[in-house]
Every structure is written in structure tokens, then in C-alpha cells.
There are 2 protein chains.
Amino acid sequence: MSATFTQTLASAWERNNSLLCVGLDPDPAKFPAHLKGRDDAILEFCKAIVDATADLVCAFKPQIAYFAARRAEDQLEDLIAHIHERHPGIPVILDAKRGDIGSTAQQYAVEAFERFRADAVTVNPYMGRDSVEPYLAYPDKGVILLCRTSNPGGSDLQFLHVQGGKAGEEPERLYERVARLVAEEWNRTGQCALVVGATYPHEIARVREITGFMPLLVPGIGAQGGDIEATVKAGRTGAGTGLMINSSRAILYAGTGEDFAQVSRQAALETRNSINRWR
Amino acid sequence: MSATFTQTLASAWERNNSLLCVGLDPDPAKFPAHLKGRDDAILEFCKAIVDATADLVCAFKPQIAYFAARRAEDQLEDLIAHIHERHPGIPVILDAKRGDIGSTAQQYAVEAFERFRADAVTVNPYMGRDSVEPYLAYPDKGVILLCRTSNPGGSDLQFLHVQGGKAGEEPERLYERVARLVAEEWNRTGQCALVVGATYPHEIARVREITGFMPLLVPGIGAQGGDIEATVKAGRTGAGTGLMINSSRAILYAGTGEDFAQVSRQAALETRNSINRWR
């Protein structure tokens, strides 16, 4: 039996001494000149980043939209196969934020886990429990639910106060309810994790309080401006792990020349070390 | 300048005297025997359904998950091109339920509108306004936001009471807040529509009350059990339109033989007429 996503993640935290997740959002307009115009530019760019940083990360997170916009699903398949083959033990999170009724969610689960062979997938909780169950039917896979997102509009719904919490308690916010639903009801099999943006450290702390040891995927450091010290202090578990702190653009596009992958490695190394300073 | 999604939809309502949207959820396991095993079975199945029902519908709604699970994005591209070429004036809604931060949403908008050439796309509102804006940047396209979904778990979040509505009013439910946000703030350009499930006619009526003339996409009749009379009465506008009532499985898989498309046509005709009885 193969290791579960949670086990693989825990091993990667330890082996690479890293809470850094590198997000693979390949935008050909930002590629170094020598890659431009190649049919396989997306794959070659991402493979170079992966090979240069694989010993510094706890996970890779390809964002499917960047591949789908360019008819490059085949390059995404090849990229994930490359990670599994060359860097076994580094989990791949497919950032897809899918969310649909059960019969359709089954198809999306096939897409993420059978077609693309991801170890985990991001899922939107708006449609509720039965929209999540088809992913949980793959016992060795991870399901990472959106909770509190790092974008400005994230507050439009997620920050609303909702009623009907525990008796005598203050009304909680929607993101807190999502965290509680996942922690107390949806996560019976231990496969769930949550997305909580680095732009809101106070809310990371609140989600940590609600969810115990659940892994948190934290986008928003780097280009989006989140603070590393505050993020780590708010989100770490007692063991100094529990986090997948994602950086995409700040690492991918750190360099612009033929040595771009080495410049990205340096950026990843510095980010990993900055994170480790506060664990 | 080409017609907008809203204009195309209004023309199709009138020309075909129909509020029926046929959902294209191609599941090869349910295909007639003579199509099984063909490389282009998905495309051929969907084209046959489309050609047999195009004069009976106000829209077609391909569900991208069914294509993505089988590496069949090329067949989805060809299917939508076929609809535009053979059945001009019938809008195509890409059911993708995407939802991500602005820079990623831009990529998904390219996927939906440039790659697949859909006229409208379904979008998840959980991440808020800036996750929707990139789709609205295409002025002739429609953006159909999830509001109240037809699945059992839809109530987990959408039915929660949220605070902070208008002074002196009862707390509203999350789906009502979404309807109000879209109607009052996000829909400045008139491109928005909402998804409201047929399994909740009372809530369709409430959304109609909040949103005026906004088009509503209503899944959940047919296989999901929603009631046509109650749906139409709750959701129609004064002009007897305003609805895209979706049926997928009950029409697609009405027949099982070589004449499946004609059986589907009969099912579509009956559904259209059942809807029209209550307009």
C-alpha cells in the first residue's frame, strides 16, 4: 500500500527541513528568452524549476488554469509524471479549486487523481459535503478545501458572520464555520487540509485553533505580500510543522536569463530559511 | 459587434419558444452500443444530441469535467465549434464552476472564452468580487454565478443565516446575500446570471425577487427530481422568460439504441412543452 498524502507530506517536511511549497504557475510571457517559442516551453520551464528546488520544498503545486489556457494539459501530465519519477516523496498538489455536485465531482476526481496523478487537489466548499466526498473516496489522496483566501474579495463571503454556532458563543465568520465543518465532520478519514491566506495571520491562528494538527496550505507570501514571520507563528503546530507555505511568482520569475533555475533555487533557499527562522 | 450572451439568450428564448437548456454530460458508460469504443465517441454522441434538439432549446451546457476526465478537451473544442457553426444563435454555457484569485481567473477566462469559445461560464462566488472580474472583462460574455445549488450538501453553507443585511431586516441566508451582492454590486455591466436549483422552488422565488430580470440557470429537474410547475411559477419573469431550465441525464440517456438522438429529441420536446405549460 502506498503512503497517504498526509504521510508523504510529513516525510517531506522532515527530510527537506522545509515548509515551502513552490507553486507552478507557468506564464510564457515571463519565461526567459531562450525558452520562448518552444512547443514544450511550459514543460521545460517547470521541469527546470522543479529539478532546481526539489530538495528545498515540502510540495509542488501546479495551477491547472495556466496549462488549460494554453491547451497544455499534456505538458501538465508530463510534468507531474516527471516529479513522481525524479523526485519521489515530494507530493504534488493540483491547484484546481473544483466544486460540483457528486456525479460531476467524481469526474473531477478522475481528472485530478487518475489522469494527472496528483497527490492532492484543492476544492471549493461552497456546494457542501457531497461535493467533497468523491475526492475522499481515494483513500491515499489529500483534499485541500478553500477556507480563507488571500485575495481582496475573499472577505465578501468568507468574512460574513454566520449564526447557529455553539450555544452561548459569539457568531462565527463563514471561514471559521468552514474550518469547523471540515475539522469536525468532513475529515473523518484524515485526508483534509485547508487553504488559509498569508495576508491574514490572525485568521491563520484562528483556523489553527479550530483544526488542531490539520495541514494548512498558505498562499500569499511573496508577490501577494504576506508576512513570513507572522504566518509561521500563527500557523505552525507544536512540532513546528503543519504548514505548506506557497510561493509562486516570487520564485518562478526571480531570474530572467539562461540561469533562471539557479536564481529560482536561490530564492527558494532564502524563502525556506526565512520560514525556518520562525518555526 | 457581436451580440452579447444576454441578447443571444433572449433571442433563443423567443425563436425556439423554449426555456430548456440541455446539459451535455457525456458518460461513455451510458452510450449506445454502436458508439462504444470509438475514439471520437464523446464528440459524436454530443453532436447527435445537439443536432436533434437545437430547435427546442435556449442553450446548451457542456460540463467540462466529463471531457477533462477522459483527456477529451479537443472533442469539447470541436463540439462547441460545431454548435456555433451549425446552430448559430444558440448560446453555449461552459459549466466549469471555476473560482480563483484574479491572476488565475484571467487564465480560466482565456480557457472558457478564447480556447473553448463558450458564450458564458459558470463561476463559484466563494472567493469574492475580484475572482469574478476577469470574466466580466469580456463584454459580450455571460458569467453565471453559483447561488443556491441543487445538491443535498448545498445547504451546508448556502443556507446559513448571515448578519449585516439591511437595517431592521431579518438576517438573510448566504445564498440570498450572494444574489444581492451580484444583483446590486457585481452586475454593473448586465453580464451576470445565477444558478438556483430546481429542488428549492421557494428559494428560486426569493432569488427572482432579489434580482429582478436576471437570467437564472436552474439545474435539478429530471434526474435530480425538481418539479417543473413549481420551478417555472417561482422563477419566470413577467414576460414568461428569465429561466434556463437545465436537464442533462433525463434527455441524454432517454434512449439506448441507434435511434438514441431521436428519443432524446422526444424527451426534450416533452420537457420544453411541460415547461411552456406554466410560463
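We name chains A, B, ... by the order of the sequence lines, and we start the count at 1 in each one.
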Closer than 3.5 angstrom, by distance alone: can the side chain of [X] be matched with the main-chain N or O of [Y] as a donor-acceptor pair?
X        : Y        : result
A:Arg115 : B:Ala68  : yes
A:Gln158 : B:Tyr126 : yes
A:Asp156 : B:Arg129 : yes

Heavy-atom proximity to chain B below 4.5 Å, by part of [X]:
X        : value
A:Ser103 : both
A:Leu181 : side chain
A:Glu77  : side chain

Nearest 0.5 Å, please: how far is [atom2] in [Y] from [atom1] in [X]?
X        : Y        : atom1 : atom2 : value
A:Ile101 : B:Asp25  : CD1   : CG    : 7.5 Å
B:Gln107 : A:Ile64  : CD    : CD1   : 12.5 Å
A:Phe116 : B:Arg71  : CZ    : CZ    : 8.0 Å
A:Leu160 : B:Leu160 : CG    : CG    : 10.0 Å

Could you tell me which of A:Val132, A:Leu174, A:Asn124 has the largest number of non-hydrogen atom pairs under 4.5 Å with chain B? A:Asn124

Hey, which of A:Thr122, A:Thr104, A:Val178, A:Asp74 has the most heavy atom pairs under 4.5 Å with chain B?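 When all of A:Thr122, A:Thr104, A:Val178, A:Asp74 are compared, A:Thr104 has the most.
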
Within the 4.5 Å heavy-atom criterion, are A:Asp100 and B:Gln63 side-chain neighbours or not? yes

Is there a side-chain contact between A:Arg98 and B:Arg98 (heavy atoms, below 4.5 Å)?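 Contact flag for A:Arg98/B:Arg98 side chains = yes.
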
Looking at [X] and [Y], what are the two nearest heavy atoms and their distance?
X        : Y        : value
B:Pro125 : A:Leu157 : O-CD1, 3.4 Å
A:Met127 : B:Leu146 : SD-CD1, 3.7 Å
A:Asp130 : B:Pro152 : OD2-CD, 3.3 Å

Region of B:Arg173 in contact with chain A, defined by heavy-atom distances below 4.5 Å: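 Neither part.
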
Heavy-atom distance under 4.5 Å to chain A: side chain of B:Glu185, backbone, both or neither?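 Neither part; nothing is under 4.5 Å.
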
